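Please read all numbers here as calculations on a predicted model, not as lab measurements.
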Amino acid sequence: MHGPSPEYDLVVAGGGPAGTTLATLVARGGHRVLLLEANRFPRYQIGESLLPATFNGLFPLLGIDADPGRLGAPVLKRGATFHWGRDDDLWTMNFGGAPDDTEPAPDWPTAFNVRREVFDDVLLGAARAAGVEVREGARVTAIDADGERVRGVEVGSDDGTRWHARGRFVAGATGQGCPLAAHVGTRQPSVFFRNASVFGYFHGGARLPGALAGNVLLEAFDQGWAWYIPLNDELTSVGVVLHHPHTQRLGGDREAAFRDSLARCTYIDGYLRGARRATTPPYAGLRVRSEFSYTHARFWRAGALLVGDSACFVDVILSSGVHLATFGALQAARALNAVLDGELPERLALNEFELRYRLEFTRFYQGLLGLHDMAHDGATYREWLRGMLRRTQGVYLDDAAAPPAQRRRTWQALAWLRKQNAQLVASTAPPAMDAAAALPAIAGELLVHADGLRFARAAEQTDAGDAPDPRVDTPLYDYGKLHASAAPYLQACPDGVDGALALVTAARSRGIHLRVRGSGHTFSGASLPREGEVLVRTNGLDHYHFHAPGRLVAGAGAMVWDIRDLARDHGFDLPVYNGGWAGPTLGGYICAGGFGKSGLSEDAGGLWENIYAVRLVDGHGTLRTITRDDDAFPWLFGSSGQLGLLVDAELRLVPYADATGAPRYPVDERGRVPRRQVDDPRLNDVAPRPDDDKRLFWFTLLVSPAEEADAWAGLEQLVLDHRDVLVPDGGWAGPQLDGAPIGYRYVIRFHEFNPPLVYPRAETFLCIGVMSLLASGDAGSDARLRAIERDFVALARTRRLRLYLQAENITGQVDQRRYYGRATWERFLELKRDFDPAALFNRDVVFPPDAL
């Protein structure tokens with residue numbers, strides 16, 4: 001064993017995009033870097049479709065001229081085109097948000113499809129140019145660790161020599177099989193993306209028409225989906241992703257599975273007619289990848305860190321792979337440069353690296369989860385994906401080029417995550433990170449230095465205007481963008497039950513009103529802070545405890561779908577959860593009433609039938625446990641947060657129908673609910689944009705079976721009266737209009753009681769209504785919405801029908817005192833005076849000041 005063994009500042013294992021990005025940026029920070037690559041370049045790699053941030057944000061930091069000629073004449077793309085969901089036609093999601101049939105403007109973000117053997121070679125050349133010592137044909141064979149710290153690696157060269165490389169830090173960037181990964185954190189596979197892919201290359205495939213020619217084409221079929229990526233005028237990358245359990249087909253005749261799957265894809269199969277399979281290296285044959293969605297419980301330990309596919313990977317759809325690899329490497333370089341320069345302690349800087357990396361990973365994970373619900377149309381998916389990209393840094397990195405609203409969202413998310421100890425991971429368990437006390441809180445948080453190469457404390461920034469203000473000066477909007485909050489305002493995020501008690505006690509002693517925002521579908525503006533109020537975000541109330549068989553205590557700030565997925569991880573399920581998009585938190589769901597989609601509430605009833613107890617902090621600052629035998633219990637459901645700050649609820653569990661094997665109750669397991677649905681892009685916190693002028697509104701009645709026919713007649717007339725704008729979207733029930741049903745219908749079965757504020761009669765009832773994509777956010781469209789709701793409210797009043805008031809009351813036209821009736825109103829008022837006599841919570845939503 002011989003060879004060089006000097007001390008480096010950083011030893012990087014892996015010469016792909018993650019490894020070269022990290023090595024280059026640390027070398028450009030003035031440090032000595034060794035990069036080890038097992039192969040000789042150029043070499044083949046999958047992952048050819050890239051996002052705009054790689055070129056307009058990362059390349060300048062790497063010192064690379066994004067000249068297409070240097071990149072092997074890559075294919076320019078403006079976005080991605082889909083045959084996906086219930087639409088029969090193709091639809092396109094453009095990076096710049098422009099209409100599909102327009103040419104890109106000069107400042108419009110675009111990206112490329114590349115041949116990775118060329119692209120990766122350019123990145124490796126940039127590393128050499130930055131002063132990185134690059135050794136190809138050098139494979140890491142073992143890790144050198146001294147106690148708690150990694151000190152270096154053992155290397156085997158392809159000439160047969162073996163030697164050691166020592167460094168102050170070692171980074172693993174060799175992909176899924178990284179030998180360093182097991183020394184850093186336990187691998188955690190995704191419980192959702194349990195997919196496998198088979199892919200190959202074709203010559204002579206057709207292209208999408210016109211300006212879409214360079215777009216990736218993604219097409220869903222009954223067992224998965226396929227990609228079609230133009231790499232140049234002749235060569236196309238074509239792959240099939242099979243969902244679990246169809247992945248087992250690849251264990252047999254993979255060629256037959258590949259061909260059969262492509263034959264199920266209308267457009268891709270047509271584009272390949274007349275094309276021929278590539279037969280020369282590196283594009284000959286078929287390749288298979290499986291179980292490729294995962295993360296690790298930690299991304300770093302003393303002296304070592306993971307980046308790229310060595311750390312995490314979401315899914316091959318929408319080009320997130322190379323972006324997450326280079327984005328994570330950028331955050332790692334910023335952390336290491338600050339540590340190596342003596343500006344920040346290792347623990348602080350590397351926690352910041354992991355925090356930012358996990359935030360980006362989870363935003364992609366969550367966004368791509370929504371794409372796999374196949375029941376929607378192209379407009380809905382496009383809105384979902386654009387919302388995801390606005391929250392990620394796949395289009396703009398966190399520099400001056402990023403829109404100010406995006407930078408504010410990132411600051412706020414990072415501040416909240418620091419406070420929550422970065423318990424953020426889309427997998428089966430939360431990560432084991434260092435104590436939150438080591439992380440900066442909202443004041444004095446870390447920012448990116450002006451040079452883009454390191455983290456620095458906020459006070460050290462040359463441009464103080466970039467430091468986030470603890471006040472929030474951007475108004476919040478409700479789901480329908482009809483109402484905006486007062487600004488600026490302060491916000492709080494209590495961490496657990498003790499934090500909730502402390503917050504309410506402090507607010508009560510100072511006479512401060514609280515506006516609780518349990519995220520979910522609400523049009524009424526009830527969760528928007530008024531002047532002088534503190535906005536309470538409930539994300540920190542995300543604890544769980546399996547404390548008794550068949551029961552699960554879950555924090556009110558955890559999203560309902562996250563709780564459902566946690567239960568399913570153990571072979572159980574929730575009897576009732578919301579349909580549609582995964583927006584509501586548990587507390588928001590309770591306060592809005594809480595009934596589930598068809599097939600759930602039709603059997604199990606409303607959420608109220610499936611909860612044993614609820615805990616809340618009332619306006620006295622007292623933690624109350626309210627069980628089913630408490631007179632106040634039925635009044636919690638649909639209460640709009642009037643009785644206190646909900647902290648958790650004890651839920652009923654049932655066996656999960658699709659579980660493999662018998663469920664095993666995890667007695668006394670507790671922790672934080674893994675956040676697979678964090679930062680839901682459909683919450684619409686921000687102001688409407690020109691390319692986001694419509695959203696899905698619904699108009700809902702709660703009726704008895706005997707009232708159903710009369711209610712449908714009224715809804716049909718409502719649609720006809722406003723047919724110029726009220727176009728039913730995605731209905732499956734009710735009268736037919738233009739060959740399609742106008743509405744939706746859920747059955748909510750009566751078992752023990754119905755909540756007086758939702759449906760006051762002791763009987764099974766129906767939730768029916770119509771939904772439509774409608775414009776809002778300007779005077780004209782808002783006036784049309786008011787006219788629709790005016791007629792909808794009149795319909796309910798004249799026919800003596802109930803409204804789904806808690807989530808709707810869109811423009812505030814319902815007089816709630818008259819709507820509920822005297823007896824119900826006065827009983828609810830008694831409870832309000834008992835629980836919250838100073839009206840600390842959500843004032844002026846149900847009770848006007850003169851009532852209290």
Side-chain angles (χ1 to χ4, degrees), residues 476 478-479 483 485 489 491-494 497 499-501 503-504 507-508 512-530 533-541 554-560 578 583-594 607-608 611 614-624 626 632-649 683 755-758 804-809 812 814 816 820 825 827-849 851-852:
L476 281 176
D478 66 328
Y479 186 83
H483 310 278
S485 68
Y489 60 88
Q491 65 181 12
C493 183
V497 179
L501 282 164
L503 172 65
V504 176
R508 180 173 179 270
I512 297 173
H513 293 279
L514 303 175
R515 183 69 49 172
V516 181
R517 189 171 179 82
S519 58
H521 302 323
T522 175
F523 293 116
S524 66
S527 62
L528 303 179
R530 277 62 159 169
E533 294 183 339
V534 172
L535 178 73
V536 181
R537 292 192 178 271
T538 60
N539 312 71
L541 302 173
M559 286 192 174
V560 175
N578 62 299
T585 60
L586 178 58
Y589 197 32
I590 291 172
C591 290
L607 184 66
W608 51 87
I611 290 184
V614 175
R615 289 199 301 170
L616 60 77
V617 180
D618 66 14
H620 303 279
T622 301
L623 180 65
R624 292 198 190 194
I626 305 173
F633 187 81
W635 297 84
L636 296 174
F637 301 91
S639 63
S640 300
Q642 290 298 304
L643 302 183
L645 173 57
L646 273 66
V647 295
D648 55 33
L683 298 185
L757 299 172
V758 177
Y804 187 24
L805 196 63
Q806 289 77 11
E808 299 175 36
N809 193 16
V814 178
Q816 296 197 42
Y820 283 117
W825 170 270
R827 174 57 182 144
F828 194 26
L829 180 59
E830 288 177 8
L831 289 169
K832 177 70 170 176
R833 289 169 173 162
D834 175 19
F835 279 70
D836 184 26
L840 292 182
F841 300 104
N842 294 13
R843 57 179 173 162
D844 303 338
V845 174
V846 178
F847 303 103
L852 296 168

- Item | Side-chain touch Arg624/Val617, heavy atoms, less than 4.5 angstrom | no
- Task: Measure the NE2-CG distance between His513 and Leu535 for me, rounded to the nearest 0.5 Å.
- Result: 15.0 Å
- Message: So Asp834 and Glu830, do their side chains get closer than 4.5 Å, heavy atoms only?
- Response: no
- Message: Has Tyr589 got a side-chain atom pairing as donor or acceptor with Val560's backbone, closer than 3.5 angstrom?
- Response: no
- Query: If you look at every heavy atom in Leu586 and Ala554, which pair is closest and at what distance?
  - Reply: CD2-O, 3.5 Å
- Query: Which pair of non-hydrogen atoms, one from Gln816 and one from Val845, has the smallest distance, and what is that distance?
  - Reply: NE2-O, 2.9 Å
- Give a yes or no answer on whether the side chain of Arg530 reaches the backbone of Leu528 with a donor-acceptor pair at less than 3.5 Å. yes
- Is any side-chain heavy atom of Pro756 closer than 4.5 Å to a side-chain heavy atom of Trp635? yes
- Would you indicate whether the side-chain heavy atoms of Val534 and Pro529 approach each other to under 4.5 Å? no
- Query: Considering all heavy atoms of both residues, which atom of Pro494 and which atom of Val536 are nearest to each other, and what is their separation?
  - Reply: CD-CG1, 3.8 Å
- Message: Please check: side-chain N/O of Thr538 versus main-chain N/O of Leu541, any donor-acceptor pairing under 3.5 Å?
- Response: no
- Where Ala592 and Tyr804 come nearest, the two heavy atoms and their spacing: O-OH, 2.8 Å
- Note on the structure: dist Ser639:OG -> Leu831:CG (nearest 0.5 Å) comes out at 10.0 Å
- Without swapping roles, check the side chain of Gln806 against the backbone of Ser640 for a donor-acceptor pair under 3.5 Å. no
- How far apart are the closest heavy atoms of Gly621 and Leu501, and which atoms are they? O-CD2, 3.5 Å
- dist Phe633:CZ -> Ile611:CD1 (nearest 0.5 Å) comes out at 6.0 Å
- Side chain proximity check, His620 to Phe835, heavy atoms < 4.5 angstrom: no
- Could you give the distance from CG (Leu636) to CG (Leu616), rounded to the nearest 0.5 Å? 6.0 Å
- Item | Partners passing side-chain hydrogen bond (donor to acceptor under 3.5 Å, both in side chains) against Asp836 (at least two apart in sequence or in another chain) | Lys832
- Message: With rounding to the nearest 0.5 angstrom, report the CG to CZ distance, Asp618 to Phe841.
- Response: 7.0 Å
- Message: Donor-acceptor pair, distance only, cut-off 3.5 Å: does the side chain of Gln642 make one with the backbone of Arg843?
- Response: no
- Item | Interatomic distance, Leu840 atom CG to Arg508 atom CZ [nearest 0.5 angstrom] | 8.0 Å
- Which pair of heavy atoms, one from Val758 and one from Gly638, lies closest together, and at what distance? CG2-CA, 4.1 Å
- Message: Contact between Leu645 and Leu514 at the side-chain level, heavy atoms closer than 4.5 Å - yes or no?
- Response: no
- Task: For Phe847, check ring pair (Phe, Tyr, Trp, His ring centres under 6.0 Å) against everything at least two apart and list the hits.
- Result: Trp825, Phe828
